[in-house]
Every structure is written in structure tokens, then in C-alpha cells.
Amino acid sequence: MKRETIEQLKNTASITVLTGAGISAESGVPTFRGDNGLWKNFKAEELATPQAFIRDPSIVWEWYDLRRRLLKNIKPNTGHFAISEIERCIKDFLLITQNVDGLHGLAGNKNIIELHGNIWRVRCVSNCGTRVNKEVPLKDIPPYCDCGSLIRPDIVWFGEMLDEADLRKAYNGIRQCDTFLVVGTSGLVQPAASFPIMAKDIGAYVIEVNIEATTITPFSDEFIRGKAGEILPLLADIIAGR
Ligand code: BV8
Ligand code: ZN
């Protein structure tokens, strides 16, 4: 790690963090595009899209039910806990996650934007409301609302707009941070993939943690090759002044 990065972490006053599936890999959650990736056997366009849900809500719910069963007993790892400690050290902190597994909340982070939603939340397609549903396995596939309409995962699918308020909050966090930490994302999904580049353009110091180089690496001030669960506790030590 460069001297400059250590100094930056020691003196930073405002940190925005962006995480992807890689931070949950060491908890046992398969990533999307890795070797045992979630999309190895399926195609995203066959499942994580509104068209797929309209065409066959059962197959989409089968996929989510499978993931929920897998996630049920999964715990945050040292990488999640390190980010939670960083939030306790830095007053001006924002965590933007693309993950839908809820592990950052379980690890104690508070100021979180779940950009792509949460697998433990569902909503009625006729807008009766959004609610937490932790039923594993799901009793009915697909589940129906009392109003008779289908219930869908409260997740942002491909081709769907992200929540306006979330996006505004994210852009705010990118604008005002002096350190942007991006962890465990392949940088393939928009608009999240552009966030580190925006932060760089605005003058933030961009640090990337990943087991391999990504589309983001050329824009980062420091690329730390390694597992999130091993690297992030080291960064938290520096920020905490240990
Ligand atoms: C939008 C929910 C405006 C599903 C997800 C054509 C038509 C319509 C839209 C588009 C289009 N072309 C492009 C788009 C935009 C599209 C997009 O970006 N497509 C891509 C694929 C080209 N984006 C959208 O549609 C977004 N909406 O743009 O709205 C709009 C609307 C209409 C028309 C135009 C524009 C919505 C995007 C949200 C999609 N939903 N998830 C679900 O999860 O069930 S995306 C999905 O990918 C997950 O959320 C995941 O988080 C995300 C990103 O993947 P990563 O997190 O990066 O995971 P990945 O496996 O790829 O990488 C893991 C990384 O970790 C790797 O780098 C690996 O090396 C690393 N790693 C592994 N182990 C470790 C590690 N690192 C550290 N430590 C380790 N131990
Ligand atoms: Zn309803």
C-alpha cells in the first residue's frame, strides 16, 4: 500500500463506500459472475427482469427462494464488520451496496443505501405496500397479496429504474467524500459502476479492494489485490489509528 494511501486513510474526514457481491463471498454467498456464480446456470435476463417475472413468476420466485434458503444461516464476515467499524470512526460516512443480502445491516452499519433492494423485502405489484418477508422456504410460489395480486421481490431488476431518493443520496455521498472505497464489485452494472469514476472526477481518493483487477481499477488511486475479509480490517486499523 502506498504511503499516500496510508496518509489519506489516517486523515480522511468523509468516506463513501461502494460494495458488491465480492464482500459477501467469504460469508459463503456465491457472487454473480464468478466461477460458482449465481448466473452460471441461469441468465440474468431470464430471471432478474420484470419481463421474466410477468412471463413466469414461479421460476423467478424459485430462484429467489433458493437464494433465500442459502442466505438464511449466513453471517457477516470480517470485511462487513470492518466497514461497520469504519462507520463508527468517521462521522461523515455513507455505505452504498449493490448487494441484496442484508449482511451490512447485520454487521451494524447504519447509513446504508441498498441500491438494488433487499431479498428479505417483498412488495405487492398493485402497490398495497412493501413488507419484510423472511419465510424460508416460501409457503406459496409465487406468493399472492391479500388483494389477490402477485407479490414480487423488492429488488431492482435489469431495465428497472433505481429509487430516485437513493440515487440522490448516493450522488450526494459521492460529491462530498474525500475518500471513496470500492470493494468486491466487477464494475459491470450501471449506474453503480460509474460511482467510483464520478468520485475520482470530483477529486476523491479512490481505493479499490478486489481479488482481481476490474473496469474500475484504471480509475483508482490505489488497487489493493486481496480478499475483502483480509484487507478491510487492515484499513479499519489505520482509520481507527491503531
Ligand atoms: C437502470 C438485482 C435505468 C438482481 C441487480 C439495456 C436495457 C436496460 C438497461 C440496460 C441495458 N443495458 C445496460 C443497461 C443498464 C443495466 C446494466 O448495467 N446492465 C449491465 C449488465 C450491462 N442496469 C440496469 O438495468 C439498472 N437500471 O439502468 O435503470 C434504465 C432503465 C431502463 C433502460 C435503461 C436504463 C438496474 C441494475 C440493477 C440490476 N439488479 N441485482 C438480484 O440481485 O437478484 S444487479 C446484480 O449485479 C447484483 O445486484 C450485483 O450486486 C450486481 C453487480 O454485480 P457485482 O456485485 O459486481 O458482483 P459480480 O459477481 O459481478 O462481481 C463480484 C466481484 O467481487 C468480482 O470483481 C470478484 O473479483 C470480486 N470478489 C470475489 N470474491 C472476493 C472479491 N473481492 C474481494 N474479496 C473477495 N473475497
Ligand atoms: Zn396487494
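In listed order, ligands and their atoms are each counted from 1. It should be emphasised that the depicted structure is a prediction, and the values quoted were computed from it without experimental measurement.
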Tell me whether Ala228 has any N or O atom under 3.5 angstrom from an N or O of ligand 1.
yes
Gly20 neighbourhood, listing ligand 1 atoms whose heavy-atom distance to it stays under 4.0 Å
56 (O)
Which part of Glu26 is near ligand 1, with near meaning a heavy atom under 4.0 Å away: side chain, backbone, both or neither?
side chain
Please list, in number order, the atoms of ligand 1 under 4.0 Å from a heavy atom of Gly184.
63 (C), 64 (C), 65 (O), 76 (N)
Contacts of type side-chain contact (heavy atoms from CB on, under 4.5 Å), residue Asn118, not counting sequence neighbours:
Glu114, Trp120, Arg121
Would you say Lys227 has any N or O atom under 3.5 Å from an N or O of ligand 1, going by distance alone?
no
Show the atoms of ligand 1 that are less than 4.0 angstrom away from any heavy atom in Glu160.
1 (C), 26 (C), 27 (N), 29 (O), 36 (C)
According to ring pair (Phe, Tyr, Trp, His ring centres under 6.0 Å), does anything in residues 129-153 pair up with another residue at least two apart or in another chain? List the pairs.
none
Side chains of Glu208 and Thr217: is there a donor and an acceptor less than 3.5 Å apart?
yes
For residues Ile202 and Ile174, determine if any side-chain heavy atom of one lies less than 4.5 Å from a side-chain heavy atom of the other.
yes
Any donor-acceptor pair under 3.5 Å from Lys2 side chain to Asp221 backbone
yes
Please could you name the atoms of ligand 1 that Ala25 approaches to less than 4.0 Å, counting only its heavy atoms?
73 (N)
Once you restrict to heavy atoms under 4.0 Å, what part of Thr185 touches ligand 1? Side chain, backbone, both or neither.
both
Using a strict 4.0 Å cut-off to heavy atoms of Met161, name the atoms of ligand 1 that fall inside it.
3 (C), 29 (O), 30 (C), 31 (C)
Working note: Arg69 + Glu135, criterion salt bridge (Lys or Arg N to Asp or Glu O under 4.0 Å); need CA distance, chi angles, decisive distance, verdict.
CA-CA 9 Å; Arg69 288 167 201 246; Glu135 201 181 79; over 6 Å; no
Got a salt bridge between Glu212 and Lys227, using NZ or NE/NH1/NH2 to carboxylate O under 4.0 Å?
no
Within the 4.5 Å heavy-atom criterion, are Thr19 and Thr185 side-chain neighbours or not?
no
Of all pairs that satisfy ring pair (Phe, Tyr, Trp, His ring centres under 6.0 Å), the ones with a partner from residues 193-237, not counting sequence neighbours
Tyr171-Phe195
Do Ile224 and Ile231 touch side chain to side chain, with heavy atoms closer than 4.5 Å?
yes
Within reach of ligand 1, part of Arg67 (heavy-atom separation under 4.0 Å):
side chain
Considering only heavy atoms of Tyr64, which atoms of ligand 1 have at least one such atom less than 4.0 Å away?
4 (C), 42 (C), 44 (O)
Testing Tyr64, Phe158, Trp157, Trp63 one by one against Leu47 for a side chain to side chain contact (heavy atoms under 4.5 Å, CB included), which residue passes?
Trp63
Are side-chain N/O atoms of Ser27 and Asn77 paired as donor and acceptor at under 3.5 Å?
yes
Give the atom numbers and elements of ligand 1 that come within less than 4.0 Å of a heavy atom of Ala21.
55 (P), 56 (O), 58 (O)
Have Arg68 and Asn133 got a donor and an acceptor in their side chains that come within less than 3.5 Å?
yes
Provide the protein N, O or S atoms situated under 2.8 Å from the Zn ion (ligand 2); waters are not included.
Cys124 SG, Cys128 SG, Cys145 SG, Cys147 SG
Would you check the N or O atoms of Thr214, main chain and side chain alike, for any that come under 3.5 Å of an N or O of ligand 1?
no
Below 3.5 angstrom, do we get any N/O pair linking Gly159 and ligand 1?
yes
Judged by modelled atom types alone, do Asn109 and Ser84 share a side-chain donor-acceptor pair under 3.5 Å?
no
How does His116 reach ligand 1, if at all, at less than 4.0 Å between non-hydrogen atoms: by side chain, backbone, both, or neither?
side chain
Side chain, backbone, both or neither: which part of Leu162 has a heavy atom under 4.0 Å from ligand 1?
side chain
Can you name the atoms of ligand 1, numbered from 1 with element, that are less than 4.0 Å from a heavy atom of Glu212?
69 (O)
